[in-house]
Amino acid sequence: MKDYENIANNIIKKIYPYLITDLKNYYNQSLDNKIIVELGTGPGHILEELLKEKFKYIYGIDISLEMLLRAKIRNNNNKRLQLINANVENIPLKEKSVDLIISRGSIFFWENLDKAFREIYRVLKEDGFLLIGGGYGISTPDNIVEEIINNFKNSISKNVKPKIDIDKTIEIMGKIGGKTEVIAKPKHGFWITWKK
């Protein structure tokens, strides 16, 4: 986990503002006074960017207590932020209580996609929105993506990069309800949007 945080701090830190730009672009509504959840918070880099926005309240959820402790330190116990140690298959929030959910990179580690997406759908408000994906962000400039890829060339084997079946994921989401869209860009990664 320390290695992941070091990589995040030293190599991929530049992408986090662009992930929020992607959220704004695809949500296409004001973020002001919304309640948002980040699933798979890790050490809190995306939370750090979310706290710069005018959200009413932010929940950071992660299965790792150690990562949540790192996120707590990084984000200085902000009063608009609550960190929750939980699994995506059992989100301890009320039904229809969340405007937006964002998750980058955690879907690769979810054991039961059907159960996870049913739980996400449960906590989203009637017009709720999910942005989930992996990679470096669609709006991230090409030169930053190339720099990160070059930094990773020697440290990550192509065989150990996590993968998901996007078509199967969309099928699962479609059976639950709502409208999905896949946005992908070579080298940058992908987002799946889900509007309830």
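Atom set for the values below is all heavy atoms of this structure, side chains included, hydrogens, waters and symmetry mates excluded.
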Decide yes or no on salt bridge (charged side-chain N to carboxylate O under 4.0 Å, His left out) for Glu49 and Lys52, but give the supporting numbers first.
CA-CA 5 Å; Glu49 294 299 324; Lys52 294 175 184 176; 3.2 Å; yes
Measure the spacing between [atom1] of [X] and [atom2] of [Y] and express it to the nearest 0.5 Å.
| X | Y | atom1 | atom2 | result |
| --- | --- | --- | --- | --- |
| Ile107 | Lys163 | CD1 | NZ | 14.5 Å |
| Ser139 | Leu23 | OG | CG | 10.5 Å |
| Ile20 | Asn25 | CD1 | CG | 11.5 Å |
| Ile120 | Leu113 | CD1 | CG | 9.0 Å |
| Ile148 | Glu146 | CD1 | CD | 10.0 Å |
| Ile172 | Arg118 | CD1 | CZ | 9.5 Å |

Show every ring-ring contact (aromatic ring centres under 6.0 Å, His included) that has at least one partner inside residues 56-97, sequence neighbours left out.
Tyr57-Tyr59
Holding to ring-ring contact (aromatic ring centres under 6.0 Å, His included), I want the full list of residues that pass it with Tyr18, two or more places apart in sequence or in another chain.
none
Return the set of residues passing ring-ring contact (aromatic ring centres under 6.0 Å, His included) with Phe129 (not counting sequence neighbours), or none when no residue passes.
Tyr27
Please step through side-chain contact (heavy atoms from CB on, under 4.5 Å) for the pair Arg80 and Phe55, ending with a clear verdict.
CA-CA 8 Å; Arg80 291 185 304 135; Phe55 286 106; 4.0 Å; yes
Taking [X] for the side chain and [Y] for the main chain, is one N or O donor matched with an acceptor at less than 3.5 Å?
| X | Y | result |
| --- | --- | --- |
| Asn75 | Leu81 | no |
| Thr41 | Gly44 | no |
| Lys94 | Val123 | no |
| Asp99 | Gly128 | no |
| Asp22 | Ile138 | yes |
| Asn76 | Asn78 | no |
| Arg122 | Lys96 | no |
| Asp62 | Gly42 | yes |
| His188 | Tyr136 | no |
| Lys196 | Tyr121 | yes |

Please determine whether residues [X] and [Y] belong to a single hydrophobic cluster, defined as Ile, Leu, Val, Met, Phe, Trp and Tyr linked transitively by side-chain heavy-atom distances below 4.5 Å.
| X | Y | value |
| --- | --- | --- |
| Trp194 | Val182 | yes |
| Leu69 | Ile84 | no |
| Leu130 | Phe109 | yes |
| Ile63 | Trp110 | no |

Check whether any side-chain heavy atom of [X] lies under 4.5 Å from a side-chain heavy atom of [Y], and answer yes or no.
| X | Y | answer |
| --- | --- | --- |
| Leu47 | Leu83 | yes |
| Ile102 | Leu50 | yes |
| Lys187 | Ile149 | yes |
| Val37 | Leu100 | no |
| Asn33 | Lys54 | no |
| Ile61 | Ile91 | yes |
| Glu111 | Glu89 | yes |
| Leu124 | Ile101 | yes |

Can you confirm whether Lys125 is buried at NZ, in the sense that more than 12 heavy atoms of other residues, nucleotides or ligands lie under 6.0 Å from that atom?
yes
If you measure from the Lys or Arg side-chain nitrogens to the Asp or Glu carboxylate oxygens, is any gap between [X] and [Y] under 4.0 Å?
| X | Y | result |
| --- | --- | --- |
| Glu38 | Arg104 | no |
| Lys115 | Glu119 | no |
| Glu181 | Lys195 | no |
| Glu147 | Lys14 | yes |

Closest approach of [X] to [Y] (non-hydrogen atoms, all atoms of both residues):
| X | Y | result |
| --- | --- | --- |
| Ser30 | Lys34 | O-CE, 3.3 Å |
| Ala86 | Pro92 | CB-CD, 3.6 Å |
| Ala116 | Val88 | CB-CG1, 3.7 Å |

Does the pair Ile192 and Thr169 meet the rule for a side-chain contact (heavy atoms from CB on, under 4.5 Å), with working shown?
CA-CA 9 Å; Ile192 300 171; Thr169 303; 3.9 Å; yes
Trace of the side-chain contact (heavy atoms from CB on, under 4.5 Å) decision for Lys24 with Gln29:
CA-CA 7 Å; Lys24 290 176 182 178; Gln29 294 181 38; over 6 Å; no
Name of the residue among Ile166, Ile132, Ile183 meeting side chain to side chain contact (heavy atoms under 4.5 Å, CB included) with Phe190:
Ile166
Evaluate the criterion salt bridge (charged side-chain N to carboxylate O under 4.0 Å, His left out) for residue pair Glu48 and Arg74; output intermediate values, then yes/no.
CA-CA 7 Å; Glu48 192 172 20; Arg74 172 166 279 104; 3.7 Å; yes
Might you work through the side-chain contact (heavy atoms from CB on, under 4.5 Å) test for Leu19 and Ile46, ending with a clear yes or no?
CA-CA 8 Å; Leu19 300 180; Ile46 294 175; 3.8 Å; yes
